[in-house]
Each structure stands twice: as C-alpha cells, then as structure tokens.
Amino acid sequence: MLLAKFLQLTSKIDKLKAEMINIASSKGLGDKQVLKISQDLDREILVLQRILLNK
C-alpha cells in the first residue's frame with residue numbers, strides 16, 4: 001500500500017510539474033494558474049516527504 005501511494009504521488013507530482021511548465025511557458029510565471037499549480041505541487045511534495053521520512 002505504501003508503494004502504491006508513493007507511485008501515485010510521484011505520478012501526480014510529475015503531471016503537475018509538466019502542467020506548470022506548459023502554462024508558465026505560454027502565460028508567464030506570474031499567471032494565477034501557475035501559482036495555484038505551484039502551491040498544489042508544494043503540498044504533494046510535502047506529503048511525499050512525510051511518507052519517506054515515516055517509512
């Protein structure tokens with residue numbers, strides 16, 4: 001179960017990163033949508049770090 005959660009989070013993080021890069025490339029780094037995705041990405045990375053530290 002832990003491995004499944006880890007894989008799910010890493011997949012979600014990769015998708016968010018790609019989406020953020022695409023939007024930032026077209027709309028610029030200051031776009032509200034880029035900021036929202038960046039915040040979501042930060043949250044997901046923190047969850048992943050907590051899982052790895054509590055293994």
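Here the CD1 atom belonging to Ile13 is positioned 4.5 Å from the CG atom belonging to Leu48, to the nearest 0.5 angstrom. Here the CG atom belonging to Asp14 is positioned 13.0 Å from the CD atom belonging to Glu19, to the nearest 0.5 angstrom.
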Using a 3.5 Å cut-off and no angle test, enumerate the donor-acceptor pairs between side-chain atoms of residues 20-36 and protein atoms at least two apart in sequence or in another chain.
residue	atom	partner	partner atom	Å
Asn22	ND2	Ala18	O	3.4
Ser25	OG	Ile21	O	2.8
Ser26	OG	Asn22	O	3.4
Ser26	OG	Ile23	O	3.2
Lys27	NZ	Gln33	OE1	3.4
Asp31	OD2	Gln33	N	2.9
Lys36	NZ	Asp40	OD1	2.9
Lys36	NZ	Asp40	OD2	3.0

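Residues forming a side-chain contact (heavy atoms from CB on, under 4.5 Å) with Lys15 (at least two apart in sequence, or on another chain): Ser11. Lys12 pairs by the salt bridge (Lys or Arg N to Asp or Glu O under 4.0 Å) definition with Glu44, not counting sequence neighbours. For Gln49, the side-chain contact (heavy atoms from CB on, under 4.5 Å) partners two or more places apart in sequence, or in a different chain, are Ile45, Leu46.
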